[in-house]
**Student:** 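Before we start, here is the structure in question, set down as structure tokens.
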Amino acid sequence: MQAVVLVGGEGTRLRPLTYGTPKPMVPVFGIPFLERTLMRLREAGVTEAILAAGYLPNAIREAFGDGSRLGIELTYVVERAPLGTAGALKNVADHIRGPFFVLNGDVLTSLDLRAMLAFHRKRGGLGVIHTIRVDDPSAFGCVVRDSSGRVAAFVEKPPRESAPTDEINAGTYLLEPAVLESIEPGKAVSIERHTFPALIAGGGALYAYLTSDYWIDLGRPEHYLRAHRDVLAGTLRLDPPSNAASAARMWLHGAANPPAHLRPPVFVDADVTIEPGATVGPYAVLGAGSRIGAGAAVADSILWDGVVIGEGARVEGAILASNARVGDRARVRVGSVIGHDARIDADADIAEGSRVSAIEVAHT
């Protein structure tokens with residue numbers, strides 16, 4: 001069984017986190033999200049994953065190589081220019097040998113891929129589209145189906161009050177190779193806006209696979225934070241790194257030096273230093289090698305590897321990329337996103353929703 005993972009996007013909504021880091025490589029509890037996706041595919045019986053890459057592909061290739069470390073064969077196909085979801089699939093068509101999964105590279109879900117495959121084998125047709133129900137479908141593509149589950153129409157981002165259904169396209173597909181024949185090569189094409197509607201109009205059979213699984217798009221900072229919070233709260237089960245022990249709603253690796261005050265749920269990766277008087281949690285994620293200064297407080301935030309929080313500083317509801325430094329007594333407020341190697345001056349007050357990169361001076 002094969003799968004295509006769409007990992008070509010630039011992750012503009014996550015900037016500055018994605019300056020230098022491809023969106024699929026952002027860490028989720030110390031493990032690149034793409035690695036978690038590949039492990040999930042392997043567990044579902046997928047033996048080869050084709051990575052449709054574009055932005056910073058070498059970072060992905062250097063991390064995973066041929067896939068042998070993860071027990072799954074990897075094939076890399078790099079776009080010269082963005083081709084859209086359907087164009088990216090057409091670009092890998094020469095590698096496809098039979099039915100194949102398609103996964104958006106930024107979707108975190110508990111969807112059972114084996115069950116989806118069984119559904120496709122029972123229904124037949126050109127493919128299956130995973131759908132979920134949401135309260136407000138206006139930001140998504142609605143999938144209208146008949147009583148048998150066959151897709152009758154697609155309605156892209158309808159006004160909430162006129163949406164024909166609350167079922168949306170959740171970004172995981174299981175397709176037959178014949179779908180690729182309808183896509184024009186070398187052009188940017190959207191599978192959601194063009195390919196699927198054209199197949200339906202031509203009488204092709206696509207089926208909706210509706211589930212109530214956990215689902216979130218990690219492509220926005222607020223969603224990225226929420227996903228970590230959901231895991232820590234137990235809403236979604238996600239395995240911690242193999243070297244992290246879990247107890248009392250805490251994932252701990254290495255020593256959080258006493259007298260550190262941990263308020264669960266928290267995740268503390270390897271070689272983290274928490275100085276006396278510091279407060280960590282609830283809902284704090286500390287990446288490997290990070291350091292929390294004396295009297296500092298970190299809550300509802302994600303720190304990547306090597307982040308340093310100065311003495312007496314306050315970080316709440318924020319994301320800090322690798323090797324960012326927050327000066328003594330500085331404050332980083334809710335919704336802030338701090339990029340790789342950025343420096344926040346002592347006593348600075350970073351306003352809510354700020355985006356700070358290393359090329360900017362942060363002494364607000």
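Positions are given from 1, in the same order as the sequence printed here. Treat the numbers as computed from the prediction; the structure is a model and nothing was measured.
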**Student:** Taking all non-hydrogen atoms of both residues, which atom of Gly287 and which atom of Asp269 are closest, and how far apart?
**Tutor:** C-CB, 3.7 Å

**Student:** Find out if a path of hydrophobic residues (ILVMFWY) with successive side-chain heavy-atom gaps under 4.5 Å connects Val92 to Val5.
**Tutor:** no

**Student:** Could you give all pairs that pass the side-chain hydrogen bond (donor to acceptor under 3.5 Å, both in side chains) test and reach residues 96-107, with sequence neighbours left out?
**Tutor:** Lys23-Asp106, Glu48-Arg97

**Student:** If you define the side chain from C-beta out and look only at heavy atoms, does anything of Gln2 sit under 4.5 Å from Val46?
**Tutor:** no

**Student:** Using a strict 4.0 Å threshold on nitrogen-to-oxygen distance, state whether Arg13 and Asp217 make a salt bridge.
**Tutor:** yes

**Student:** Would Asp112 and Asp213 count as a side chain to side chain contact (heavy atoms under 4.5 Å, CB included) here? Give the steps.
**Tutor:** CA-CA 8 Å; Asp112 184 337; Asp213 291 289; 5.7 Å; no

**Student:** With the 4.5 Å side-chain cut-off for hydrophobic clustering, are Val26 and Leu56 part of the same group?
**Tutor:** no

**Student:** In this structure, is the centre-to-centre distance between the rings of Phe29 and Trp304 below 6.0 Å?
**Tutor:**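 That pair fails the under 6.0 Å test.
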
**Student:** Between Lys187 and Glu184, does any side-chain N to carboxylate O distance fall below 4.0 Å?
**Tutor:** yes

**Student:** Output yes when a side-chain donor or acceptor of Arg36 lies under 3.5 Å from a complementary backbone atom of Leu108, and no otherwise.
**Tutor:**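 The answer is no, because no donor-acceptor pair under 3.5 Å joins these two groups.
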
**Student:** When you measure from the side chain of Arg229 to the backbone of Tyr283, do you find a donor-acceptor pair of N or O atoms at a distance under 3.5 Å?
**Tutor:** no

**Student:** Would you check if Tyr214 and Thr109 make a side-chain contact, meaning some heavy-atom pair closer than 4.5 Å?
**Tutor:** no

**Student:** Grab the two heavy atoms, one from Pro32 and one from Phe64, that are nearest each other, plus how far apart they are.
**Tutor:**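 Smallest heavy-atom distance, with atoms named: CB-CZ, 4.4 Å.
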
**Student:** Evaluate the criterion salt bridge (charged side-chain N to carboxylate O under 4.0 Å, His left out) for residue pair Asp349 and Arg331; output intermediate values, then yes/no.
**Tutor:** CA-CA 5 Å; Asp349 190 343; Arg331 184 163 187 178; 5.4 Å; no

**Student:** For Val28 and Leu218, what are the C-alpha separation, side-chain angles and deciding distance, and is it a side chain to side chain contact (heavy atoms under 4.5 Å, CB included)?
**Tutor:** CA-CA 10 Å; Val28 176; Leu218 295 179; 4.2 Å; yes

**Student:** Using modelled atom types and a 3.5 Å cut-off, is there a donor and acceptor pairing between side-chain atoms of Thr37 and backbone atoms of Phe33?
**Tutor:** yes

**Student:** Looking at every heavy atom in both Ser138 and Arg160, which two are closest together, and how far apart are they?
**Tutor:**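 Heavy-atom minimum between the residues: CB-N, 3.8 Å.
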
**Student:** In plain terms, say whether Arg69 and Glu35 are close enough for a salt bridge, that is, a side-chain N and a carboxylate O under 4.0 Å apart.
**Tutor:**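 Looking at Glu35 together with Arg69, the answer is yes, because their closest N to O distance falls below 4.0 Å.
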
**Student:** I'd like to check Leu303 versus Val285 (side-chain heavy atoms, cut-off strictly below 4.5 Å). Are they in contact?
**Tutor:**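 No - every pair of side-chain heavy atoms lies 4.5 Å or more apart.
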
**Student:** Are side-chain heavy atoms of Ile319 and Ser301 found at a separation under 4.5 Å?
**Tutor:** no

**Student:** Would you call Arg333-Glu352 a salt bridge at under 4.0 Å N-O?
**Tutor:**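 The answer is no: the pair does not qualify as a salt bridge.
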
**Student:** So which heavy atom on His340 is nearest to which on Tyr19, and how close?
**Tutor:**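 Closest heavy-atom pair between His340 and Tyr19: CD2-O, 3.3 Å.
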
**Student:** Examine distances only and state if a side-chain atom of Lys90 and a backbone atom of Ile183 form a donor-acceptor pair shorter than 3.5 Å.
**Tutor:**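 Side chain of Lys90 to backbone of Ile183: a pair is present.
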
**Student:** Would a distance-only check, ignoring hydrogens and angles, find a side-chain to backbone donor-acceptor pair under 3.5 Å from Tyr55 to Thr21?
**Tutor:** no

**Student:** Among Thr131, Val143, Val128, find the one that has a side-chain contact (heavy atoms from CB on, under 4.5 Å) with Val151.
**Tutor:** Val143

**Student:** Identify the two heavy atoms, one from Ala288 and one from Asp305, that lie closest to each other, and give their separation to 0.1 Å.
**Tutor:**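 Result for this residue pair: N-OD1, 3.0 Å.
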
**Student:** Test of understanding: clusters of I, L, V, M, F, W, Y form through side-chain heavy atoms closer than 4.5 Å, transitively. Do Leu225 and Leu232 belong to the same one?
**Tutor:**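 Hydrophobic grouping puts Leu225 with Leu232.
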
**Student:** Heavy-atom distance under 4.5 Å between the side chains of Thr75 and Leu51, does that happen here?
**Tutor:** no

**Student:** Quick check: do Leu89 and Leu6 have side-chain heavy atoms less than 4.5 Å from each other?
**Tutor:**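 Yes, at least one pair of side-chain atoms sits under 4.5 Å.
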
**Student:** Regarding Glu10 and Thr12, is there a side-chain donor-to-acceptor distance under 3.5 Å anywhere?
**Tutor:**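 Per modelled atom types, Glu10 and Thr12 side chains form no pair under 3.5 Å.
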
**Student:** Should Val334 and Leu17 be counted in the same cluster of Ile, Leu, Val, Met, Phe, Trp and Tyr side chains packed under 4.5 Å apart?
**Tutor:** no

**Student:** Looking at Tyr173 versus Phe196, is the centre-to-centre ring distance below 6.0 Å?
**Tutor:** yes

**Student:** Using a 3.5 Å distance criterion without hydrogens, assess whether the side chain of Arg114 forms a donor-acceptor pair with backbone atoms of Glu43.
**Tutor:**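 Present.
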
**Student:** Would you call Ile132 and Glu167 a side-chain contact if the rule is heavy atoms closer than 4.5 Å?
**Tutor:** no

**Student:** Of all heavy-atom pairs between Leu199 and Ser182, which one has the smallest distance, and what is that distance?
**Tutor:** CD2-OG, 3.8 Å

**Student:** Do the side chains of Leu206 and Phe140 join up, straight or via other hydrophobic residues, at under 4.5 Å, putting them in one cluster?
**Tutor:** no

**Student:** Is Leu174 close to Leu113 at the side-chain level, that is, under 4.5 Å between some pair of heavy atoms?
**Tutor:** no

**Student:** How far apart are the C-alpha atoms of Leu320 and Val326, what are their side-chain angles, what is the distance that settles it, and do they pass the side chain to side chain contact (heavy atoms under 4.5 Å, CB included) test?
**Tutor:** CA-CA 9 Å; Leu320 288 78; Val326 176; 3.5 Å; yes

**Student:** How about CZ on Arg291, more than 12 heavy atoms from neighbouring residues, nucleotides or ligands closer than 6.0 Å, or not?
**Tutor:** no

**Student:** Give a yes or no on whether the backbone of Ala348 and the side-chain of Asp345 come within a donor-acceptor separation of less than 3.5 Å.
**Tutor:**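 Not confirmed, Asp345 side chain does not pair with Ala348 backbone.
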
**Student:** Has the side chain of Arg42 got a donor or acceptor atom that lies under 3.5 Å from a matching backbone atom of Leu70?
**Tutor:** yes

